[in-house]
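Structure, as structure tokens:
The shown structure was predicted, so the numbers you read here are calculated from the model rather than taken from an experiment. Numbers restart at 1 for each chain; the letters A, B, ... are given by sequence-line order, proteins then strands.
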Number of protein chains: 2
Amino acid sequence: MADIKLRDLRYLVAVADAGHFGRAAAACHVSQPTLSAQLKKLEAYLGVQLVERGTRHASLTTAGQRIVARARAMLEASDDIAQIARACSDPLAGRLRLALLPTIGPYLLPRVTPRLHKALPRLELMLYEYQTAPMLERLRAGDIDAGVLALPVDLDGLEALRLYDEPFVLAVPAEHRLGKGGTVRTADLAGETVLLLEDGHCLRDQALDVCSRVGMHEKQDFRATSLETLRQMVASGVGVTLLPELATRGVYGAARGVVVRPFAKPAPTRGVGLVWRRTSARREAIEAIAKIIAAHAMG
Amino acid sequence: MADIKLRDLRYLVAVADAGHFGRAAAACHVSQPTLSAQLKKLEAYLGVQLVERGTRHASLTTAGQRIVARARAMLEASDDIAQIARACSDPLAGRLRLALLPTIGPYLLPRVTPRLHKALPRLELMLYEYQTAPMLERLRAGDIDAGVLALPVDLDGLEALRLYDEPFVLAVPAEHRLGKGGTVRTADLAGETVLLLEDGHCLRDQALDVCSRVGMHEKQDFRATSLETLRQMVASGVGVTLLPELATRGVYGAARGVVVRPFAKPAPTRGVGLVWRRTSARREAIEAIAKIIAAHAMG
DNA sequence: TGTCAGCCATAGAAGAATTCTATCAGAATC
DNA sequence: GATTCTGATAGAATTCTTCTATGGCTGACA
């Protein structure tokens, strides 16, 4: 025999725990003669008596005790290997930390989480909300596995996949001059006062970009901390704003005092993407998530 | 397959080290197909690909790397077990717990421990002192490996070997009527007041047995806790006593105020024996000890 | 481009090890 | 003294591992 066998160590540990060959054998789901013979073989191989066979009780010799301690460690390591294998064998299982922009998360998640849970039931999603800069930082630090944000960003050691393009829509007070009709042209916005998010939100920059092109000016001394604040300010007639379309769908579509109008083509949009470390071991799971989000975000 | 096999882990580690199936197989002293097949089996069992088979080089996958780390630990533990076994395989080595009667230990040990150490240098003797009943109890419980006590005892699952017969001697105050001359006959003791040990010491029962036969009576309201107490009480003239001969040899022979007289034949004696569990794995070492004690106790 | 060498996978047979059931022997218990 | 409990033994069936021989694929080299 060239190698100790884990099975034999299992038998030995069972005897150590049971103090009884028959019960140890039962615990190992083998017959008593099998366990006896294997233990005897192990003793012969090692050249030491491991078990003292009393008439009512089997107990370990000193050598047996010391060896059982090592044996337990080996069996644990063996379990570890199985554990590692299980974790690695199903790339679509385990914990995955996903961050989303504050201007995306609350509006996108209700649309996709049911589908994610259904399609990837063994994936435990941990959800976070960060603005672009801290999100990239935490991504690179390994604090999160993937992030949903507005492209483009500075990829560097990162990999990205475009998920969907989200149009902006115009939100105006109900009694506003632009509060009626179907699509609205960006040119119609010239001269309007626009309300924007505070610094740090990429949506602010994207909206500013649109505004500067069409001749709108930002309402001074006002910065909203969230889209919901923004929406309420619009409702109270302070000005107009640009919202990402998902923020006007579903329960968010029926805000009192606010009229939402889509833009005529070509509508201003922002690209939304999924970003992860190029070296990430969770690539497969991340791509599965990307597929589901891309398919159902705007659909 | 119920268990990962160490052999397969060895193959995996060999591939990790060699980066090459053929060389790994050679390192394991098996054919290349054997190693390939077993690794494939291991991968199937674990449900993960462990080795990336390149055209010129075999490298480990991430799962493989993580598992190899555990595998190395297991192989090391396996070596440890072999090492422990080798160290324990010498039946005359290791720890052996030996108990002696309080009326034997202090007088026998100085005579035999130097010889035990010389003859059994790899044996680590742990010495204990117990009276007969607790000694047998601890023996049966496996707390000690062997015991030196006065025979006969109720052997039951135990095995015994007679070591030597120890005569009793008479100890009297220096000015006592029996304090002079060579041997003394038991019949001369009639009417004497004898001091005895407290309950639990088998020596007490043995001495009582002698006393009752020769017409001595025990000093009431006195029970010594040790032979040395007894000896001092004799020296102070309270009475006489019986001592085991070894307790009057060497440094114990020159007690002031006490005269020791051997008995004329047939002298009363007690048999001293070594007792151990019949199932004990240390039988060989115990018998070696018995041989040495028997040879040098009374010599 | 065709041949060769290196590398791993596959196939089938031989051999070894493990397992089972049935039974035995020794010790403790009633 | 019969019975029960415990571990050891025996022989057959099964399962696993190993071997040799060979195939298929890829890269190197003339």
Nearest-Å distance for atom pair [atom1]/[atom2], residues [X] and [N]:
X: A:L6; N: D:dC16; atom1: CG; atom2: P; value: 16 Å
X: B:L42; N: D:dC16; atom1: CG; atom2: P; value: 15 Å
X: A:R10; N: C:dT18; atom1: CZ; atom2: C1'; value: 16 Å
X: B:L155; N: C:dA28; atom1: CG; atom2: P; value: 11 Å
X: B:E159; N: C:dG26; atom1: CD; atom2: P; value: 15 Å
X: B:D3; N: C:dT19; atom1: CG; atom2: P; value: 10 Å
X: B:I4; N: D:dC16; atom1: CD1; atom2: P; value: 16 Å
X: B:D154; N: C:dA27; atom1: CG; atom2: C1'; value: 15 Å

Problem - First encountered from the 5' end of DNA chain C, between A:L35 and B:D156 - result: A:L35
Completion exercise
Of D:dC19, C:dC20, C:dA17, the nucleotide closest to the side chain of A:V30 is C:dC20
Completion exercise
For nucleotides 2-8 of chain D, 5' to 3', base contacts (B), sugar-phosphate-only contacts (S) and non-contacts (-) with protein non-hydrogen atoms under 4.0 Å give ---SSBB
Quick check on [N]: is either OP1 or OP2 less than 4.0 Å from any side-chain nitrogen or oxygen of [X]?
X: A:Y45; N: C:dA17; result: no
X: B:R7; N: D:dC16; result: no
X: B:R278; N: C:dG26; result: no
X: A:K5; N: C:dT18; result: yes
X: B:S31; N: D:dC19; result: yes

Practice task
Take A:E43 and A:R53 through the salt bridge (charged side-chain N to carboxylate O under 4.0 Å, His left out) test and state the conclusion after the steps.
Solution key: CA-CA 13 Å; A:E43 286 180 329; A:R53 287 123 172 117; 3.1 Å; yes
Exercise for the section: May I ask you to test the B:Y128-B:M135 pair for a side-chain heavy-atom distance under 4.5 Å? Expected result: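 In short, these two side chains do not touch, never coming nearer than 4.5 Å.
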Handout entry: B:R122 side chain reached by B:L92 side chain, heavy atoms, under 4.5 Å
Key = yes
Exercise for the section: Would you list the pairs meeting side chain to side chain donor-acceptor pair (under 3.5 Å) in which at least one residue belongs to residues 144-153 of chain B, sequence neighbours left out? Expected result: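 Applying side chain to side chain donor-acceptor pair (under 3.5 Å) to every pair that reaches into residues 144-153 of chain B, excluding sequence neighbours, yields B:R97-B:D145.
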Practice task
Given side chain to side chain donor-acceptor pair (under 3.5 Å), test A:Q38 with A:T34 step by step and report yes or no.
Solution key: CA-CA 6 Å; A:Q38 288 310 114; A:T34 294; over 6 Å; no
Could you go through residues 137-144 of chain B and list every donor-acceptor pair under 3.5 Å that involves a side-chain atom there, pairing it with any protein atom two or more places apart or in another chain?
unit_1, atom_1, unit_2, atom_2, d
B:R138, NH1, B:Y130, OH, 3.4
B:R140, NE, B:D156, O, 3.2
B:R140, NH2, B:D154, O, 3.0

Completion exercise
Nearest heavy-atom contact between B:V48 and B:A63 is CG1-CB, 3.5 Å
